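So the structure is just underneath, and the comments pick up after that.
Predicted, not measured: the structure shown is a model, and the values here were computed from it. To find a chain, count down the sequence lines: A is the first, B the second, and so on, and within it residues start at 1.
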There are 2 protein chains.
Amino acid sequence: MPRNEQALRDVVEQSAAVLTGAGFPKMPARVLMALMVSDEGGLTAHELAERLGVSAAAISGAVRYLQTVGIVRRLAQSGSRRDRYELPEDTWYAAMTSQSPIYGVLAGLAESAVTAIDDPSSAAGARVDEMARFYRFLDARLPELMAEWEALRNSG
Amino acid sequence: MPRNEQALRDVVEQSAAVLTGAGFPKMPARVLMALMVSDEGGLTAHELAERLGVSAAAISGAVRYLQTVGIVRRLAQSGSRRDRYELPEDTWYAAMTSQSPIYGVLAGLAESAVTAIDDPSSAAGARVDEMARFYRFLDARLPELMAEWEALRNSG
DNA sequence: CGCTCTGTTCACAAAGTTGTGAATTGAATT
DNA sequence: AATTCAATTCACAACTTTGTGAACAGAGCG
């Protein structure tokens, strides 16, 4: 029974809902998941609009977002004037996790809070210092975790 | 120069903005950061409302959210009828990262997509299978990463 | 050179969020 | 039991977000 399309549509919508719950914008999430389960190497804006039941304008906005965060690649097709959107072969998940410098930024902010408090023995000083070290830890370890995944992926 | 209050207010707002950008709701983020930099062991709803310049109702909604996700603890005070809200000594950052089963859920959804596609050799089958394995990887490794942090925190 | 098809942009409308003020509930103190 | 203060809840208003339809721009083909 190849390609249970109904089940795939459900997966697309449910996964998009989970991502949305995690703060990811809705339409980009739907487009991302539609691309994930597409059998072709990519979909055109028209196909995306059709499958998701939304307007071309909505697709335009969503793919622009996805491009800026590096999750989607736009590819002109020879033979058709429709562009194709596809997921980078092996980097989209990296983009979804370690792409943003958010942990480093939070670490930096916490470090300036430590300076502003200027009393390491106080409860606030200790608390904020721990926050700073925690985000520095994440900032350092997450790239390593992604490297670990890369290695695992390439081996087995 | 102990406690540069203006700088701390800035850190609170900027950190809250970063968290908000990452999908965290705004008022809970502001309350969280206000508690982070508070010198006392916790703040009352009234104090929070005062420092953030918002109504008691807004605080009520924010702390309810923070409680449900385990980031904040409510503590009745003897001597006053005002409750105090404080951050768990050592678990709030864990709650912020590994708290939700989101990665496991996404892995499960991707796995059902693999089933629905039912053709491991197809592009879509391979792509979705990789998504499934990636989120399983995160689901397994993130708790380990948190354990690593715990160990680091307790040692040095 | 103009036609057609693709994608973008703009103003607007629909929908959902978020915080407020007022009323209500609840608990502690007298 | 009554009073008083804290916290919650509710309806509403302000704001933001999100997607639509229509106009626009631009590339390639005839």
Side-chain angles (χ1 to χ4, degrees), chain A residues 12-13 15-35 38 40-69 71-86, chain B residues 12-13 15-35 38 40-69 71-86:
Chain A
V12 166
E13 294 306 332
S15 301
V18 171
L19 292 174
T20 301
F24 203 85
K26 184 174 157 192
M27 190 63 67
R30 295 182 71 203
V31 168
L32 167 62
M33 290 310 302
L35 288 171
S38 75
E40 306 82 359
L43 296 173
T44 66
H46 181 73
E47 289 168 330
L48 284 167
E50 206 167 41
R51 299 192 186 191
L52 295 176
V54 297
S55 70
I59 300 297
S60 178
V63 296
R64 183 175 16 157
Y65 175 87
L66 290 172
Q67 279 179 299
T68 65
V69 295
I71 289 181
V72 136
R73 207 167 45 196
R74 160 186 247 138
L75 203 58
Q77 304 189 88
S78 52
S80 165
R81 66 186 71 169
R82 297 185 171 184
D83 290 351
R84 235 175 55 232
Y85 298 98
E86 56 178 49
Chain B
V12 166
E13 294 307 333
S15 300
V18 171
L19 292 174
T20 301
F24 203 86
K26 184 173 155 192
M27 191 62 69
R30 296 182 70 201
V31 168
L32 167 61
M33 290 309 304
L35 288 171
S38 76
E40 304 81 359
L43 296 173
T44 67
H46 181 72
E47 289 167 331
L48 285 167
E50 206 166 41
R51 299 191 187 191
L52 296 176
V54 296
S55 71
I59 299 297
S60 178
V63 296
R64 181 174 19 152
Y65 174 88
L66 290 172
Q67 277 180 300
T68 65
V69 296
I71 289 180
V72 136
R73 208 167 44 197
R74 160 186 246 137
L75 205 57
Q77 305 189 89
S78 55
S80 165
R81 69 187 69 174
R82 298 183 172 186
D83 290 351
R84 232 177 56 231
Y85 298 97
E86 55 178 49

Value in whole Å for how far the [atom2] atom of [N] lies from [atom1] of [X]:
X       : N      : atom1 : atom2 : answer
A:Phe24 : D:dT18 : CZ    : C1'   : 15 Å
A:Leu48 : C:dT6  : CG    : P     : 14 Å
B:Tyr85 : D:dT8  : OH    : C1'   : 9 Å
B:Arg64 : D:dA6  : CZ    : P     : 20 Å
B:Gln77 : C:dT29 : CD    : P     : 13 Å
B:Glu50 : D:dA6  : CD    : P     : 12 Å
A:His46 : C:dG7  : NE2   : P     : 9 Å
A:Arg84 : C:dG7  : CZ    : C1'   : 17 Å

Would you tell me if any nitrogen or oxygen in the side chain of A:Arg74 comes within less than 4.0 Å of OP1 or OP2 on C:dT8?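 So the side chain of A:Arg74 is within the cut-off, an N or O lying under 4.0 Å from OP1 or OP2 of C:dT8.
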Give a yes/no on whether any side-chain N or O of B:Arg81 is located under 4.0 angstrom from OP1 or OP2 of D:dC5.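 No, because none of the side-chain N or O atoms of B:Arg81 sits under 4.0 Å from OP1 or OP2 of D:dC5.
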Could you list the protein-to-nucleotides 16-23 of chain C atom pairs, N/O on both sides, closer than 3.5 Å?
unit_1: C:dT20; atom_1: OP1; unit_2: B:Ser55; atom_2: N; d: 3.4
unit_1: C:dT20; atom_1: OP2; unit_2: B:Ser55; atom_2: N; d: 2.8
unit_1: C:dT20; atom_1: OP2; unit_2: B:Ser55; atom_2: OG; d: 2.5

Measure the CZ-CD distance between A:Arg74 and A:Gln67 for me, rounded to the nearest 0.5 Å.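 Taking CZ in A:Arg74 and CD in A:Gln67, the distance rounds to 5.0 Å.
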Could you check if a side-chain atom of B:Ser38 sits within less than 4.5 angstrom of a side-chain atom of B:Arg51, using non-hydrogen atoms only?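 Of all side-chain heavy-atom pairs linking B:Arg51 with B:Ser38, at least one is under 4.5 Å.
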Show me the side-chain donor-acceptor pairs of residues 18-35 of chain A shorter than 3.5 Å, one per line, residues at least two apart or across chains.
unit_1: A:Thr20; atom_1: OG1; unit_2: A:Ala16; atom_2: O; d: 2.7
unit_1: A:Arg30; atom_1: NE; unit_2: A:Glu13; atom_2: OE1; d: 3.2
unit_1: A:Arg30; atom_1: NE; unit_2: A:Glu13; atom_2: OE2; d: 3.3
unit_1: A:Arg30; atom_1: NH2; unit_2: A:Glu13; atom_2: OE2; d: 3.0
unit_1: A:Arg30; atom_1: NH2; unit_2: A:Leu52; atom_2: O; d: 3.1

Would you indicate which nucleotide in D:dA7, C:dT6, C:dT8 comes nearest to any side-chain atom of B:Arg82?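 Closest nucleotide among those given: D:dA7.
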For A:Arg84, what residues pass the side-chain contact (heavy atoms from CB on, under 4.5 Å) criterion, not counting sequence neighbours?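 A:Arg84: side-chain contact (heavy atoms from CB on, under 4.5 Å) contacts with A:Thr44, A:Leu75, A:Gln77, A:Glu86.
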